[in-house]
Each structure stands twice: as C-alpha cells, then as structure tokens.
Amino acid sequence: MADPHEFDDVMPENTSRREPEEPVQENLFTRLIYMIIIAFMISFAGTVIGVLALIQFIIMLASNKQPNERIAELGTDVGIWVAKATRYQTAASEVKPWPWTELD
C-alpha cells in the first residue's frame, strides 16, 4: 500500500526544508520521449480512475453505503502514481514513475 505521507516534503509549508535535487543529467530528447509515453499513461490512468469510481458507486449502492476497500486502495495507488508522473512531467522530480521504478 502506498505511503500517505509520501508527498509531505513537497507541500508548501515543507518546501523550505527540501534538499535541492541534482541538475538534469538526462538528454532532453530522451526526456521528451519519456514525457510523451507518460502523458499517454496519465490519460489511461484517468480512465481507470473513472471506471473505479463508477464501480465503487455501484458497490456502495448495493451494499448499504459500504465501499470496497480494495478498490479504494487501488484508487489511492493510481492517484499516487499520477502524482509521481506529474512531478516528472513538470521537472519537479527526476525520478520516473512505474514501470521505470518500483511501484510503491
């Protein structure tokens, strides 16, 4: 399961304590290719989140307002992945999201 405090260091109140990252070492053309691939993956992730939300709503209708925990956790994991991907896309981080690094 993903760590809910994973992005605490990028919140505005915590940015003064953040260590500066190393300068970009990767070729910009290579980064562009990764950015295009990740953009398609982010688009797909948005579709997945929409489908999960619809399924969760149907489950909640059928089970007296009780959400499915596995769907909720999967939604959290997808959301954290999107946040990591967005940080890479906007050059706030040099760490590529899954599948290039471990999925948290």
Side-chain angles (χ1 to χ4, degrees):
M1 187 169 142
D3 178 13
H5 302 290
E6 180 172 5
F7 296 103
D8 285 352
D9 67 322
V10 296
M11 298 305 292
E13 65 272 8
N14 297 326
T15 54
S16 61
R17 292 177 279 178
R18 196 167 101 196
E19 303 262 336
E21 291 190 16
E22 300 267 330
V24 177
Q25 300 294 324
E26 152 180 76
N27 179 318
L28 285 179
F29 181 74
T30 304
R31 186 178 183 92
L32 175 64
I33 299 299
Y34 283 125
M35 289 176 72
I36 291 169
I37 293 168
I38 292 170
F40 283 112
M41 293 170 74
I42 289 173
S43 177
F44 180 72
T47 301
V48 169
I49 290 172
V51 169
L52 289 175
L54 180 62
I55 292 170
Q56 186 73 291
F57 181 76
I58 292 168
I59 288 172
M60 289 174 67
L61 278 176
S63 66
N64 198 21
K65 300 181 183 176
Q66 293 300 315
N68 180 295
E69 285 186 36
R70 289 174 50 191
I71 292 176
E73 287 178 14
L74 180 58
T76 299
D77 290 342
V78 172
I80 289 172
W81 179 87
V82 169
K84 286 182 176 181
T86 302
R87 288 187 42 122
Y88 181 79
Q89 293 284 75
T90 60
S93 173
E94 296 305 313
V95 178
K96 294 178 199 73
W98 178 88
W100 295 278
T101 58
E102 288 294 315
L103 185 61
D104 297 329

With sequence neighbours left out, write down each residue that passes side-chain contact (heavy atoms from CB on, under 4.5 Å) with [X], or none if nothing qualifies.
X: Phe29; result: Asn27, Ile33
X: Ala45; result: Val78, Trp81, Val82
X: Ile36; result: Leu32, Phe40
X: Thr90; result: Thr86, Ala92

Would you give the length of the straight line joining atom [atom1] of [X] to atom [atom2] of [Y], rounded to the nearest 0.5 angstrom?
X: Ile58; Y: Asn68; atom1: CD1; atom2: CG; result: 12.5 Å
X: Gln89; Y: Met41; atom1: CD; atom2: CE; result: 10.5 Å
X: Ile49; Y: Leu54; atom1: CD1; atom2: CG; result: 14.0 Å
X: Thr101; Y: Lys96; atom1: OG1; atom2: NZ; result: 9.0 Å

message: Keeping Ser43 on the side-chain end and Ala39 on the backbone end, is there a donor-acceptor pair under 3.5 Å?
response: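 Answer holds: no.
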Close side-chain approach of Arg87 and Glu94, heavy atoms under 4.5 Å: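 No - every pair of side-chain heavy atoms lies 4.5 Å or more apart.
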task: Check whether Trp100 and Val95 end up in the same hydrophobic cluster, where Ile, Leu, Val, Met, Phe, Trp and Tyr are linked by side-chain heavy atoms less than 4.5 Å apart.
output: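 Each belongs to a different hydrophobic cluster.
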task: Flag yes if Leu103 and Ile42 sit in one hydrophobic cluster, no otherwise; membership is Ile, Leu, Val, Met, Phe, Trp, Tyr, and two members link when side-chain heavy atoms are under 4.5 Å apart.
output: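 Same hydrophobic cluster.
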Name each donor-acceptor pair under 3.5 Å that joins a side chain in residues 59-66 to protein atoms two or more places apart or in another chain, with its distance.
residue: Ser63; atom: OG; partner: Ile59; partner atom: O; Å: 2.7
residue: Ser63; atom: OG; partner: Gln66; partner atom: O; Å: 2.8

query: Got a sec, which residues hit ring-ring contact (aromatic ring centres under 6.0 Å, His included) with Phe44, two or more places apart in sequence or on another chain?
result: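 Scan of Phe44 (ring-ring contact (aromatic ring centres under 6.0 Å, His included), adjacent residues dropped) gives none.
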- prompt: For Trp98, what residues pass the ring-ring contact (aromatic ring centres under 6.0 Å, His included) criterion, not counting sequence neighbours?
  reply: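 None.
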